[in-house]
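Numbering of ligands and ligand atoms starts at 1, following listing order. We use all heavy atoms of the structure for the numbers below, so side chains are in, but hydrogens, waters and symmetry mates are not. In this text the structure is predicted, and so the values were computed from the model without any measurement.
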Amino acid sequence: MRTLRVLLAIVAVAGAGCQAPVTTNELVMDDFAYRPTTINLPADTEGFELTLTNTGTVPHDFTVDGLPDDILVHLAVFEDASVPYRLPALPAGEYDVYCALEGHREAGMEARLRVR
Ligand SMILES: [Cu+2]
């Protein structure tokens, strides 16, 4: 019985390691950081609604770097606002996200976008 319990525990841990990352539905922008700093999206991003919420005291934006030339992801959000942002089709991969307002990226407004 004890062996069975140990085996079940090992299976539970192994199963947890195989889970897909939790999809990010909301990105919070603050002065001067994003939460979370890793944004996980499923591969089929076209039309996916990512809520951008600015809890800061100044405007912030959401810019994705490294996408193919014909895809632009850039949206500014005023302070104390929350907007749904429908994403275009993004190729699977990892991209840098940053706030393009002057000095904000340098102050720490960076994140990583993972499209599976
Ligand atoms: Cu900003």
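- In this structure the side chain of L50 never reaches within 4.5 angstrom of the side chain of P84, judged on heavy atoms.
- Take the N/O/S atoms of H104: the one nearest the Cu ion (ligand 1) is ND1.
- Side-chain contact check for P88 versus E46: every heavy-atom pair is 4.5 Å or farther apart.
- Rounded to 10°, the angle formed at the Cu ion (ligand 1) by C99 SG and M109 SD is 110°.
- For the pair R114/L41, no side-chain contact is recorded, criterion being any heavy-atom separation below 4.5 Å from C-beta on.
- In H60, the N, O or S atom that comes nearest to the Cu ion (ligand 1) is ND1.
- Residues Y98 and H104 keep their aromatic ring centres 6.0 Å or farther apart.
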